[in-house]
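Notes for the one structure printed next.
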Amino acid sequence: MVGRRILQVELRRPDLRTPFPRRFAQRLAGATTVALTRRAKYLLAALSSGESLLMHLGMSGSFRVTATDATATHDHVVFHLSSGSAVVFNDPRRFGFMDLARTDRLDRHPALKGLGPEPLSEAFDAGALARACAGKRTPLKSALLDQQVVAGLGNIYAVEALHIAGLSPQRQASTIATAGGEPRDSARALASAIKQVLAEAIDRQTSARYRAGRFRVYDREREPCRRPRCRGVIRRRTQAGRSTFYCPVCQR
DNA sequence: ATTGAGACCTGTCGGC
DNA sequence: TGCCGACAGGTCTCAA
């Protein structure tokens with residue numbers, strides 16, 4: 001999309017999770033994509049019009065680039081580009097999201113304004129994690145899914161990071177908080193586990209389509225723990241409505 | 001103010 | 001084969 005002009009936008013329905021903004025297709029038509037970036041799980045396309053397109057895949061959304069006009073079920077938005085190809089947004093569950101906002105005010109957009117630090121940035125470290133968890137009575141796993149604590153971490157990698165760090169998902173979040181100025185070892189372990197698991201995932205592009213059994217704990221209920229010499233068996237439980245997987249032996 | 005439950009929507013899978 | 005419930009990678013709103 002970068003450097004291409006959006007000739008025309010086809011909207012196949014009035015909404016995804018929320019209605020498309022007013023005059024959505026018209027505001028995009030004629031604009032050139034200047035840059036594609038990301039914040040948390042939001043994709044951001046800065047346009048020559050001075051507006052930015054915010055996009056979120058939700059649970060089941062995907063984009064494909066195509067040269068043909070063939071359309072599939074759940075194709076909701078088609079961007080026709082000056083290159084001759086089209087970018088198609090497909091989303092069966094329609095938990096996806098799109099909106100337009102002025103680029104110079106993007107950080108004030110409701111979807112972006114409360115977000116915590118990017119996990120792979122220098123701003124996110126043991127100290128930042130410890131401070132964000134201070135006073136939180138919620139379980140540590142729930143705290144990791146709180147986008148104000150760390151931006152863009154989802155259910156799979158929250159659970160994976162806790163296993164790497166050897167921390168129980170049920171532990172109260174405040175127990176990893178700062179102890180007299182210095183972050184605890186647990187906060188150091190967890191912050192670096194988050195960075196590690198995300199860096200690995202990006203490296204292998206595993207998130208693009210997850211395959212069962214490739215994770216340390218996620219989706220491995222009743223299977224053996226993969227930590228060397230640990231004899232534990234992975235358990236599953238529900239926390240705040242989401243599935244948590246963990247090893248009761250090596251995660252404390 | 002935090003926190004958890006429920007809602008949003010469709011598809012898939014396992015059990016009967 | 002078919003029906004039914006459980007569950008799915010996210011986020012928002014609402015009521016304790």
Side-chain angles (χ1 to χ4, degrees), chain A residues 12-21 38-44 54-64 71-77 88-99 101 108-116 118-119 131-163 169-177 194 197-198 200-202 204-223 234-246:
Chain A
R12 298 269 169 72
R13 51 173 304 120
D15 56 9
L16 295 171
R17 194 179 75 211
T18 62
F20 288 99
R38 177 195 61 75
R39 174 79 169 109
K41 292 172 192 152
Y42 292 89
L43 307 170
L44 305 171
L54 288 81
M55 298 162 278
H56 196 297
L57 300 176
M59 298 271 258
S60 57
S62 63
F63 282 101
R64 69 175 191 277
T71 133
T73 39
H74 308 305
D75 282 351
H76 304 311
V77 188
V88 183
F89 179 69
N90 181 284
D91 185 8
R93 290 178 77 177
R94 272 184 273 130
F95 285 175
F97 170 86
M98 286 192 197
D99 200 4
R108 273 124 86 183
H109 190 282
L112 305 182
K113 70 174 171 219
L115 294 171
E118 284 293 325
R131 281 191 300 279
C133 287
K136 279 203 179 291
R137 309 187 60 79
T138 195
L140 188 51
K141 154 75 180 321
S142 303
L144 291 184
L145 292 182
D146 180 346
Q147 301 293 298
Q148 303 202 149
V149 171
V150 51
L153 198 64
N155 199 43
I156 292 182
Y157 296 122
V159 150
E160 293 292 286
L162 285 168
H163 184 255
Q170 285 114 267
R171 173 203 267 263
Q172 192 170 290
S174 61
T175 62
I176 70 157
I194 289 168
V197 77
L198 292 178
E200 280 177 13
I202 291 166
R204 302 193 218 139
Q205 303 203 326
T206 44
S207 271
R209 178 181 276 279
Y210 90 73
R211 297 224 293 281
R214 305 211 28 213
F215 298 110
R216 289 167 175 84
V217 287
Y218 184 82
D219 209 16
R220 295 192 59 243
E221 187 181 19
R222 290 191 288 276
E223 292 178 41
I234 305 308
R235 286 200 193 146
R236 171 181 181 276
R237 66 164 51 205
T238 300
Q239 289 182 298
R242 319 293 309 277
S243 278
T244 296
F245 299 85
Y246 66 104

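By convention in this document, chain letters (A, B, ...) are assigned in the order of the sequence lines, proteins followed by strands, and residues within each chain are numbered from 1.
The distance from atom CZ of A/R13 to atom P of B/dT10 is 8 Å, rounded to the nearest whole Å. When the P atom of C/dT11 is taken as reference, atom CG of A/D99 falls 15 Å away, rounded to whole Å. Rounded to an integer number of Å, the gap from A/N90 CG to B/dC9 P is 17 Å. Following rounding to the nearest Å, A/H76 (NE2) and B/dC8 (P) show an atom-to-atom distance of 17 Å. In this structure, A/L43 atom CG and C/dG9 atom P are separated by 19 Å, rounded to whole Å. Distance A/Q239 CD to C/dA8 P: 13 Å, rounded to the nearest Å. Across the protein-nucleic acid pair, A/R39 atom CZ and C/dT11 atom P stand 12 Å apart, rounded to whole Å. Between the CG atom of A/N155 and the P atom of C/dC7 there is a distance of 14 Å, given to the nearest Å.
Side chains of A/Y157 and A/L144 form no contact here, defined as non-hydrogen atoms less than 4.5 Å apart.
Candidate nucleotides B/dG11, B/dT3, C/dT11 were compared by shortest atom distance to the side chain of A/Q147, and C/dT11 ranks first. Side-chain atoms of A/P139 lie closest to B/dG4 of the nucleotides B/dG4, C/dG9, C/dG10. You'll find that the side chain of A/Y42 is closest to C/dC12, out of B/dT3, C/dG9, C/dC12. Of the candidate nucleotides C/dT11, C/dA8, B/dG4, C/dT11 has the atom nearest to the side chain of A/H56. The side chain of A/F95 lies closest to B/dC8, out of B/dG4, C/dC12, B/dC8. Residue A/Y218 has its side chain nearest to C/dA8 when only B/dG4, C/dG10, C/dA8 are considered. Comparing B/dC9, B/dG4, C/dT11 by their closest approach to the side chain of A/R93 singles out B/dC9.
For the OP1/OP2 pair of B/dG11 and a distance below 4.0 Å, the side-chain nitrogens and oxygens of A/H74 include at least one atom meeting the criterion. Taking 4.0 angstrom as the limit, A/K136 places none of its side-chain polar atoms (N or O) nearer than this to OP1 or OP2 of B/dT2. Here A/R17 does not reach the OP1 or OP2 of C/dT11: none of its side-chain N or O atoms lies under 4.0 Å away. Taking only side-chain nitrogens and oxygens, A/S243 never comes nearer than 4.0 Å to OP1 or OP2 of C/dC7.
The minimum heavy-atom distance between A/L140 and A/L162, with the atom names listed, is CD2-CD2, 3.6 Å. Closest non-hydrogen pair, A/R39 versus A/G116, comes out as NH2-O, 2.9 Å. Scanning both residues, A/E160 and A/V217, for their nearest heavy atoms gives OE2-N, 2.9 Å. Shortest non-hydrogen contact noted between A/R94 and A/D15 is CD-O, 4.1 Å. Shown here for A/G114 and A/Q148, the closest heavy-atom pair between the two residues is O-CG, 3.2 Å.
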Encoded 5' to 3' (Watson-Crick or G-U under 3.5 Å; [ ] crossing; | other strand), DNA chain C becomes .|||||||.|||||||

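Nucleic acid contact class of A/P110 (heavy atoms, under 4.0 Å, all strands): none. At a threshold of 4.0 angstrom between heavy atoms, the contacts of A/T18 with the nucleic acid are absent. In this structure, A/R137 reaches the sugar-phosphate backbone alone: every heavy-atom distance under 4.0 Å involves primed, P, OP1 or OP2 atoms, never a base.
Distance check on atom P: C/dC14 versus B/dC9 gives 15 Å, rounded to whole Å.
Looking at A/R94, its side chain has no donor and acceptor atom pair within 3.5 Å of the base of B/dC9.
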Could you go through the side-chain contact (heavy atoms from CB on, under 4.5 Å) check for A/D146 and A/T138 one step at a time? CA-CA 10 Å; A/D146 180 346; A/T138 195; over 6 Å; no

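Other residues, nucleotides and ligands contribute more than 12 heavy atoms inside 6.0 Å of the CZ atom of A/R64.
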